2 protein chains.
Amino acid sequence: MGNASQSVKTKKAPEIMEASKPDTATRIQDVAERLFVEHGFEATSLRMITQQAEVNLAAVNYHFGSKDALFESVFMRRLAPLISGCLAELDELEQQGGKLEVEDLVKTFIRPCLALSKDPSRGGALFVRLLSRTLVENHRQLREVISQQYSVFVQRYSVAFQKALPELGTEELAWRMHFAFSVMFNAFAGNDVLKIFVRSQVVSARDPDMIVKHLVPFVVAGLTSPA
Amino acid sequence: MGNASQSVKTKKAPEIMEASKPDTATRIQDVAERLFVEHGFEATSLRMITQQAEVNLAAVNYHFGSKDALFESVFMRRLAPLISGCLAELDELEQQGGKLEVEDLVKTFIRPCLALSKDPSRGGALFVRLLSRTLVENHRQLREVISQQYSVFVQRYSVAFQKALPELGTEELAWRMHFAFSVMFNAFAGNDVLKIFVRSQVVSARDPDMIVKHLVPFVVAGLTSPA
DNA sequence: TTAGTATTTATATGTTTGTTTGAAACGGCA
DNA sequence: TGCCGTTTCAAACAAACATATAAATACTAA
């Protein structure tokens with residue numbers, strides 16, 4: 001096993017939980033995630049990754065098949081749980097009946113993002129930043145995979161928001177959702193447009209709870225503003 | 001002249017306006033702008049640029065000094081006029097007295113962006129996308145240059161928004177401006193987070209006027225929502 | 001025209017890139 | 001112990017990279 005590119009890694013967990021370092025493949029993923037976020041896909045060389053992960057250069061191609069496949073693996077490892085988390089919250093909200101409130105709907109998306117951001121064992125805010133990079137770089141094949149597997153995500157939210165905002169036309173709603181998710185993603189990713197213009201790095205408070213506190217009212221106001 | 005990296009290009013304009021191709025340096029900038037947007041800085045090689053611009057490989061280093069300097073040149077060529085445009089609108093609005101309305105303030109930023117987006121001779125929406133890429137990749141030295149020259153941009157808008165929204169604390173206002181500029185930038189850059197999840201490319205209407213029509217109410221609502 | 005500078009060209013340099021290879025080392029099971 | 005599938009390793013690969021150099025050409029001013 002290994003050099004086949006389809007292997008996603010199914011190793012036995014070490015029985016006696018060693019406090020030291022994880023799996024080779026996992027170590028590669030962890031370092032790669034950080035470096036891809038920091039420098040982008042192209043600017044991150046396999047040598048940087050393998051050196052920091054303290055594994056042999058050939059290990060990447062052995063375990064993942066290629067640099068592209070490594071990226072996809074790193075990406076999907078985080079995306080799947082995040083999407084599931086959102087859809088689970090959405091399920092719960094819809095099943096408890098009653099009128100769908102925009103704020104609650106927004107929170108079904110924000111809460112899993114917030115939870116992820118605060119969980120170092122899942123890379124913290126790294127993945128949201130990776131996602132925002134991936135949005136802007138265009139890894140065609142990855143987009144293919146994502147849209148094949150997760151188009152339901154957008155559909156579910158579209159339907160839900162339509163119910164919560166029945167007075168809006170589908171087009172108007174599409175625009176507002178576009179804007180809303182755009183703010184939310186970039187907020188969690190920490191992409192501050194204004195930061196590029198000012199010297200001080202102090203501005204970025206970075207506390208995820210603070211983000212949410214200010215983010216929710218802003219987004220809800222935008223979504224619910226009179227047509 | 002040429003190989004010194006400080007040369008920003010000061011060629012005579014061709015007297016008889018040839019309909020054919022512009023300056024070598026300009027041709028390089030035009031192609032580079034498009035390719036940097038499409039593939040990012042690292043993934044764009046000087047060979048791609050020079051081939052498409054139909055100039056010799058060494059021309060980049062001759063005219064701009066280095067790949068980094070070329071990027072900075074490409075970037076600044078568009079940033080400077082855009083910022084000036086915004087500040088000019090802001091000046092005009094402030095000088096005409098009366099209470100500062102949030103919507104008018106928002107429009108002082110949106111109008112120059114819209115004008116740029118609709119002007120092919122200035123690269124259309126390319127630069128906004130380049131800016132959004134630059135935000136996410138971090139070209140340190142470029143950030144330095146920008147913040148040195150254009151920190152006034154943020155200061156001016158901070159003061160203006162504070163006047164228009166006196167009931168907000170400075171911190172609350174900073175968050176809202178962060179969110180507002182984030183939506184606006186990403187709207188013009190066409191970074192649609194949801195697009196990555198759905199197959200159809202049809203969604204992206206792309207008409208800048210349409211963007212504005214829906215964008216302004218959303219942003220204004222977010223900014224003015226009760227504290 | 002001629003002299004001198006500005007630009008373009010072809011070619012070469014030395015790195016760095018992703019990927020491959022074949023052998024060595026490892027680990028569980030007979 | 002000896003075997004065998006799995007994993008690691010050092011080394012090498014061609015290809016592509018940014019940049020440098022010197023010769024060739026284009027242009028301008030006298």
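By convention in this document, chain letters (A, B, ...) are assigned in the order of the sequence lines, proteins followed by strands, and residues within each chain are numbered from 1. As the structure is a prediction and not an experimental result, all values here were calculated from the model.
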[X]: which residues meet the side-chain hydrogen bond (donor to acceptor under 3.5 Å, both in side chains) condition with it, sequence neighbours left out?
| X | result |
| --- | --- |
| Glu144(B) | Arg199(A), Gln148(B) |
| Ser121(B) | Asp119(B) |
| Arg156(B) | Asp91(B), Glu94(B) |
| Arg47(B) | none |

Taking only nitrogen or oxygen atoms into account, show me every contact under 3.5 Å that the protein makes with nucleotides 20-26 of chain D, one pair per line with its distance.
none

- Using a cut-off of strictly less than 4.0 Å, decide whether His63(B) has a side-chain nitrogen or oxygen near OP1 or OP2 of dA6(C).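 Indeed not, no polar side-chain atom of His63(B) lies that close.
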- So, is Thr24(B) close to the dT8(C) phosphate, meaning a side-chain N or O under 4.0 Å from OP1 or OP2? yes
- Where does DNA chain C pair, written as one dot-bracket string 5' to 3', with Watson-Crick or G-U pairs under 3.5 Å, ( ) inside the strand, [ ] for crossing pairs and | for another strand? |||||||||||||||||.|||||||||||.
- Residues that Phe71(A) engages under ring pair (Phe, Tyr, Trp, His ring centres under 6.0 Å), provided they are two or more places apart: Phe36(A), Phe41(A), His139(A)
- Considering residues at least two apart in sequence or located in another chain, which fulfil the salt bridge (Lys or Arg N to Asp or Glu O under 4.0 Å) criterion with Lys118(A)? Asp209(A)
What's the [atom1]-[atom2] distance between [X] and [N], to the nearest Å?
| X | N | atom1 | atom2 | result |
| --- | --- | --- | --- | --- |
| Tyr62(A) | dA10(D) | OH | C1' | 17 Å |
| Leu35(A) | dG18(C) | CG | P | 12 Å |
| Ile28(B) | dT19(D) | CD1 | P | 13 Å |
| Lys67(A) | dA16(D) | NZ | C1' | 13 Å |
| Gln51(B) | dC17(D) | CD | P | 9 Å |
| Leu70(B) | dC17(D) | CG | C1' | 15 Å |

For residues 177-189 of chain A, which side-chain donor-acceptor pairs fall under 3.5 Å, sequence neighbours excluded?
unit_1    : atom_1 : unit_2    : atom_2 : d
Asn186(A) : OD1    : Asn191(A) : ND2    : 3.0
Asn186(A) : ND2    : Ser182(A) : O      : 2.8

- Item | side chain to side chain donor-acceptor pair (under 3.5 Å) contacts touching residues 48-60 of chain B (sequence neighbours left out) | Arg34(B)-Gln52(B)
- Query: Tell me, which pairs form a salt bridge (Lys or Arg N to Asp or Glu O under 4.0 Å) where one or both residues lie in residues 35-44 of chain A, sequence neighbours left out?
  - Reply: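 Those involving residues 35-44 of chain A do not exist here.
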- Message: Is it the case that the side chains of Tyr157(A) and Thr108(A) hold a donor-acceptor pair, with the cut-off being a distance below 3.5 Å and no angle test?
- Response: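 Present: a donor and an acceptor within the cut-off.
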- Query: Between Glu33(A) and Arg78(A), is there a side-chain N and carboxylate O pair less than 4.0 Å apart?
  - Reply: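 So Glu33(A) pairs with Arg78(A) through a salt bridge.
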- Do any of residues 41-50 of chain A sit with a heavy atom less than 4.0 Å from DNA chain D, and if so which?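 When residues 41-50 of chain A is checked for heavy atoms under 4.0 Å from DNA chain D, the hits, listed by number, are Arg47(A).
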